[in-house]
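Structure first, then comments.
In this chain, residues are counted from 1 in sequence order. Quantities reported herein were computed from a predicted structural model and do not represent experimental measurements.
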Amino acid sequence: MRNLRGAIVGYGFIAEKGHAPAYRATEKAGLGLEIVAIADGCPARRDKAAQDFPGARIYTDHATLLSREVELDFVDVSTPPSSHAEVSIAALERGLHVLCEKPLATSFADAARMAAHASRVGRVLLPCHNYKHAPVVRAVDSALASGVIGEVQLVTMQTFRNTHARGTAEWRPDWRRERAIAGGGIGMDHGPHTFYLAFDWLGAYPTSITAKTSALSGRDTEDNLSCTITFPHALVNAHLTWTAGVRRVIYTLHGPRGAIVVEDDDVQITLSHQQAGGGIEWETVRQSVSSSWMDASHVSWFSSLLEQFALTIERNEYVSKETTDAVRSIELIEAAYASAARNSIDVPLGQARPQAVTVGPMLALEQG
């Protein structure tokens with residue numbers, strides 16, 4: 001695979017602490033992804049970008065970058081969510097592949113439009129689903145693939161944070177608490193991670209959701225989101241919070257033969273064995289899978305994600321399952337907000353979701 005020249009648009013915390021070191025690591029490994037340009041609207045962040053990438057050309061905005069950089073292959077969209085659709089579509093229009101931070105967009109309509117656009121122009125649109133690259137998540141995937149607990153029937157997913165993730169000091173460090181910029185609160189911030197993992201573990205998309213939110217801070221974004229999601233053959237109960245007394249993720253997956261429990265880096269698999277006399281014997285195996293959950297930059301996860309991005313480009317997987325999952329997660333978040341606003345009614349899914357149509361190597365998404 002030839003070397004690919006890329007640009008980063010938005011040089012905030014995750015670009016500096018997660019993406020940038022991942023690009024440097026993959027460059028040393030010979031992956032062939034080189035950052036040649038960076039755009040950011042904040043002067044201090046442009047200065048930092050120039051320090052981190054001395055050879056890169058620095059711009060004040062994505063439009064100027066795209067107009068002047070004539071030899072680009074891809075754009076890494078790391079701006080706050082409200083501009084993901086605008087920047088991504090502009091890059092796709094230039095014929096560039098796009099790696100986009102989560103959430104893919106702040107509305108289902110924009111997310112579907114982005115995916116449909118990528119399909120039409122024949123360029124990759126890959127969301128940053130970095131949790132899939134956590135070693136502990138891969139351990140769960142392997143256990144499920146082995147069939148050790150049987151078909152998953154129930155999943156609980158808890159994401160505990162004691163506050164929202166703050167951005168850089170130089171530009172609106174609390175932008176995640178501004179709906180106009182973030183699109184929502186903890187649901188929009190951590191909902192994508194929760195939901196795309198659920199899609200994978202259940203091998204399906206949901207049919208309905210009921211949800212409740214609360215904003216303890218008095219801001220216009222929620223601190224807590226609790227929901228029950230109905231899948232064709234299972235239920236998912238999720239709770240996401242910025243008001244916890246601890247930083248932790250706890251996932252449980254239950255099947256007819258046992259359960260998998262994840263608590264940060266610890267994985268516990270419990271299996272039931274039917275005894276001849278009719279009783280049940282329980283067998284529990286525990287292991288620690290180092291995944292650096294406490295490190296919010298997740299550099300190693302992003303390094304693996306960049307490898308996936310390069311491979312997706314090589315295979316011409318313009319709108320892959322990852323992209324579809326990202327669109328579906330935004331649909332689910334919107335439905336959760338709609339449910340919470342109407343006294344937690346059960347909101348059906350799929351009535352307005354994009355219809356997936358296979359077109360050669362692409363998965364095109366068109367509005368249904």
Side-chain angles (χ1 to χ4, degrees), residues 14 17-18 21-22 25 102 128-165 186-187 189-203 223-229 231 234-273 280-305 307-308 325 329:
I14 200 62
K17 301 297 185 182
K102 59 80 190 169
C128 288
H129 288 175
N130 55 313
Y131 273 35
K132 288 191 178 185
H133 299 268
V136 71
V137 170
R138 288 182 164 173
V140 172
D141 294 343
S142 296
L144 291 179
S146 74
V148 65
I149 67 169
E151 184 178 6
V152 179
Q153 301 168 332
L154 171 68
V155 178
T156 69
M157 307 184 75
Q158 297 169 298
T159 298
F160 296 120
R161 297 290 185 266
N162 65 328
T163 185
H164 59 281
I186 184 73
D189 190 33
H190 275 279
H193 294 314
T194 299
F195 299 149
Y196 65 66
L197 290 180
F199 299 162
D200 269 5
W201 291 340
L202 294 174
D223 299 274
N224 291 277
L225 185 149
S226 294
C227 60
T228 297
I229 311 166
F231 283 76
L235 286 179
V236 172
N237 291 314
H239 183 69
L240 316 174
T241 181
W242 281 334
T243 63
V246 67
R247 177 187 173 92
R248 190 161 297 162
V249 295
I250 303 175
Y251 303 144
T252 72
L253 301 86
H254 303 265
R257 293 194 289 274
I260 302 170
V261 178
V262 175
E263 187 167 350
D264 286 345
D265 290 357
D266 296 323
V267 181
Q268 174 181 297
I269 300 177
T270 299
L271 303 177
S272 61
H273 302 290
I280 295 177
E281 181 181 355
W282 299 94
E283 173 193 4
T284 298
V285 177
R286 296 178 177 85
Q287 61 175 319
S288 179
V289 184
S290 180
S291 299
S292 303
W293 281 101
M294 292 305 237
D295 178 7
S297 63
H298 304 312
V299 174
S300 64
W301 305 3
F302 278 113
S303 295
S304 177
L305 175 66
E307 293 177 17
Q308 180 189 14
D325 285 356
S329 71

Open item on the list: What verdict does the side chain to side chain contact (heavy atoms under 4.5 Å, CB included) test give for V261 and T270, after you've listed the backbone C-alpha separation in whole Å, the side-chain angles of each residue and the deciding distance to 0.1 Å?
Closed with: CA-CA 8 Å; V261 178; T270 299; over 6 Å; no
TODO: Just do the side chain to side chain contact (heavy atoms under 4.5 Å, CB included) check on V285 and L271 with the steps written out, would you?
DONE: CA-CA 9 Å; V285 177; L271 303 177; over 6 Å; no
TODO: Check the pair V137 / W201 against side chain to side chain contact (heavy atoms under 4.5 Å, CB included), numbers first and verdict last.
DONE: CA-CA 10 Å; V137 170; W201 291 340; 4.2 Å; yes
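In E151, the CD atom is not crowded: 12 or fewer heavy atoms of neighbouring residues, nucleotides or ligands sit closer than 6.0 Å.
What you find for V299 and P21 is that their closest heavy atoms are CG2-CG, 3.7 Å. In this structure, I269 and A143 approach most closely via the heavy-atom pair CD1-CB, 4.0 Å. When all heavy atoms of C128 and K102 are compared, the pair lying nearest together is O-CG, 4.0 Å. When all heavy atoms of V236 and A198 are compared, the pair lying nearest together is CG2-CB, 4.3 Å. Of all heavy-atom pairs spanning F160 and A244, the tightest one is CB-CB, 3.6 Å.
With values rounded to the nearest 0.5 angstrom, L253 atom CG is found 8.0 Å from L202 atom CG. If you take CD1 on I186 and CG on L225, they are separated by 8.5 Å, rounding to the nearest 0.5 Å. The line from OH of Y131 to CG of D200 is 15.0 Å long, rounded to the nearest 0.5 Å. One finds the CD1 atom of I250 at 8.5 Å from the OG1 atom of T156 (value rounded to the nearest 0.5 Å). Taking CD from Q268 and OG1 from T252, the interatomic distance works out to 11.0 Å, rounded to the nearest 0.5 Å. The CG atom of L197 lies 7.5 Å from the NZ atom of K132; values are rounded to the nearest 0.5 Å.
Proximity of a side-chain donor or acceptor of S291 to a complementary backbone N or O of V289 within less than 3.5 Å is detected. A donor-acceptor contact shorter than 3.5 Å is absent between the side chain of S304 and the backbone of W301. A donor-acceptor pair is defined here as one N or O able to donate and one able to accept, closer than 3.5 Å; such a pair exists between the side chain of W293 and the backbone of D264.
The only option from R247, R248, R286 that meets the salt bridge (charged side-chain N to carboxylate O under 4.0 Å, His left out) definition with E263 turns out to be R248.
No side-chain donor-acceptor contact under 3.5 Å links H129 and Q308.
Between H193 and Y196, the ring-plane angle classifies as perpendicular under the 30° and 60° cut-offs.
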